[in-house]
Number of protein chains: 2
Amino acid sequence: MGTTKSEGFSEEVNELAVLFKAMGHPARIAIIQFLRTQEKCICTDLVNELPLAQPTISQHLKELKNAGIIQGSVSGTSICYCLNLDKISELDAFLASLKYDQNPTCC
Amino acid sequence: MGTTKSEGFSEEVNELAVLFKAMGHPARIAIIQFLRTQEKCICTDLVNELPLAQPTISQHLKELKNAGIIQGSVSGTSICYCLNLDKISELDAFLASLKYDQNPTCC
DNA sequence: TTAAAACATCGTAATATTGCAATATAACAA
DNA sequence: TTGTTATATTGCAATATTACGATGTTTTAA
């Protein structure tokens with residue numbers, strides 16, 4: 001155990017879980033927030049911005065990238081990371097659907 | 001380590017991370033989806049619905065409850081769990097904000 | 001070529017998560 | 001009371017995550 005069981009759940013459910021999980025860490029939320037507001041999305045800035053060491057930040061960036069939530073393109077010595085709004089929209093759509101189909105007789 | 005570092009991040013960031021983390025598991029997404037569609041939100045139904053043992057489901061329900069994403073009220077021998085739409089809206093608002101403030105010069 | 005800057009990767013210790021069997025609890029029915 | 005049903009808790013083994021120092025890699029500048 002310690003392993004998440006994914007068999008028996010739909011593809012959609014598993015994909016949503018991966019995306020939510022990727023966002024389930026303060027550093028990764030902070031990275032996403034920072035990317036939203038910066039002109040240039042460079043890891044060095046993040047090192048100055050977050051209370052974490054560079055390797056740790058690099059690791060979090062990788063996880064966000066693996067989940068498809070951010071994309072990075074090399075730009076000289078630095079890397080330009082930015083949000084993938086498609087993935088954000090997937091999560092958003094799921095959450096929005098919860099608000100409308102809610103059964104009124106429950107609770 | 002293994003411990004998530006929360007000092008140095010804003011309250012808002014930490015709270016969002018907790019909520020996203022709570023949703024970052026297929027069983028918990030499936031529970032939320034199931035709650036949305038059922039008339040009666042009872043754990044027994046979940047045991048028949050999910051590919052997990054009863055104690056495991058109970059544990060996931062507890063985590064969702066701790067995060068404030070669902071609420072449970074006792075109803076005789078069974079328990080009626082339902083979604084807390086306020087929390088869903090918090091996440092939704094965060095995701096929606098990402099879609100609009102995006103910097104166009106990046107990537 | 002050499003050095004510096006910006007990231008990534010590796011290795012590893014500490015801790016967290018997951019899943020479940022066994023067991024407990026709580027409410028109702030007979 | 002006794003049994004049954006519904007759910008929670010405990011305990012634990014297996015695995016995952018987190019954080020970071022040390023060390024690579026790649027790019028640019030001198």
Side-chain angles (χ1 to χ4, degrees), chain A residues 1-9 13-14 17-18 20-31 34-35 38 40-67 70-82 107, chain B residues 1-9 13-14 17-18 20-31 34-35 38 40-67 70-82 107:
Chain A
M1 299 84 214
T3 317
T4 295
K5 201 167 175 180
S6 59
E7 325 89 68
F9 297 104
V13 163
N14 280 312
V18 165
F20 278 119
K21 186 177 181 184
M23 300 189 71
H25 191 288
R28 298 196 287 268
I29 295 288
I31 287 170
F34 191 73
L35 285 187
Q38 291 303 301
K40 292 172 185 171
C41 321
I42 295 172
C43 185
T44 313
D45 297 338
L46 286 170
V47 173
N48 299 326
E49 197 72 15
L50 306 184
L52 293 169
Q54 179 266 325
T56 307
I57 293 172
S58 191
Q59 193 175 264
H60 284 303
L61 285 166
K62 191 179 180 182
E63 283 179 58
L64 286 171
K65 206 171 160 186
N66 284 342
I70 65 173
Q71 298 166 319
S73 52
V74 178
S75 166
T77 324
S78 43
I79 293 195
C80 176
Y81 279 111
C82 60
C107 302
Chain B
M1 295 86 213
T3 316
T4 296
K5 201 167 174 179
S6 60
E7 325 88 66
F9 296 106
V13 162
N14 280 313
V18 166
F20 279 119
K21 186 178 181 183
M23 300 189 71
H25 191 290
R28 298 196 288 266
I29 294 288
I31 287 171
F34 190 74
L35 285 187
Q38 292 301 302
K40 292 173 186 172
C41 320
I42 295 172
C43 184
T44 313
D45 298 338
L46 286 170
V47 173
N48 299 325
E49 195 74 13
L50 305 185
L52 293 169
Q54 180 266 324
T56 307
I57 293 172
S58 189
Q59 192 176 266
H60 285 303
L61 285 167
K62 191 179 179 183
E63 283 178 59
L64 286 171
K65 206 171 160 188
N66 284 343
I70 65 174
Q71 299 166 319
S73 52
V74 178
S75 166
T77 324
S78 43
I79 292 195
C80 175
Y81 279 111
C82 61
C107 300

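Under a 3.5 Å cut-off, the side chain of B/Lys5 and the backbone N or O of A/Pro51 do form a donor-acceptor pair.
Residue B/Lys65 is classed as having no contact, given no heavy-atom separation below 4.0 Å to the nucleic acid.
One finds the CG atom of B/Leu46 at 6.5 Å from the CG atom of B/Leu35 (value rounded to the nearest 0.5 Å). One finds the CZ atom of B/Phe9 at 4.5 Å from the CG atom of A/Leu52 (value rounded to the nearest 0.5 Å). Atom CD1 in B/Ile29 sits 5.0 Å away from atom CZ in A/Phe20 (nearest 0.5 Å). Interatomic distance, CE of B/Met23 versus CD1 of B/Ile31, reported as 11.0 Å (0.5 Å rounding).
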Show the distances under 3.5 angstrom between N or O atoms of the protein and N or O atoms of nucleotides 4-6 of chain C.
{"from": "C/dA6", "atom 1": "O4'", "to": "A/Thr77", "atom 2": "O", "distance (Å)": "3.4"}
{"from": "C/dA6", "atom 1": "O3'", "to": "A/Thr77", "atom 2": "O", "distance (Å)": "3.3"}

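Taking every heavy atom of residues 53-63 of chain B and every atom of DNA chain C, pairs under 4.0 Å involve B/Ala53, B/Pro55, B/Thr56, B/Gln59, B/His60, B/Glu63, by number.
Nearest-nucleotide assignment on DNA chain D puts the 5′-proximal partner with A/Thr4, out of A/Thr4 and B/Thr4. Residue whose closest nucleotide on DNA chain C sits further toward the 5' end, between B/Thr3 and A/Thr3: B/Thr3. Residues A/Ser75 and B/Gly2 each lie close to DNA chain D; by heavy-atom proximity, the contact nearer the 5' end of the strand is made by B/Gly2.
Contact between B/Leu50 and B/Ala27 at its shortest, heavy atoms only, is CD1-O, 4.2 Å.
Looking at heavy atoms from C-beta onward, A/Cys82 lies out of side-chain contact with A/Ile70 at the 4.5 angstrom threshold.
Put simply, chain B comes within 4.0 Å of DNA chain D, heavy atom to any atom, from D/dT5 to D/dC20, going 5' to 3'.
For residues 46-56 of chain A, there are no salt bridge (Lys or Arg N to Asp or Glu O under 4.0 Å) pairs, not counting sequence neighbours.
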Enumerate, atom names and distances included, each donor-acceptor pair closer than 3.5 Å involving a side-chain atom of residues 57-64 of chain B, sequence neighbours excluded.
{"from": "B/His60", "atom 1": "ND1", "to": "B/Arg28", "atom 2": "NH1", "distance (Å)": "2.9"}
{"from": "B/Glu63", "atom 1": "OE1", "to": "B/Arg28", "atom 2": "NH1", "distance (Å)": "3.1"}

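Shown here are the side-chain contact (heavy atoms from CB on, under 4.5 Å) partners of B/Thr44, two or more places apart in sequence or in another chain: B/Ile42, B/Asn48.
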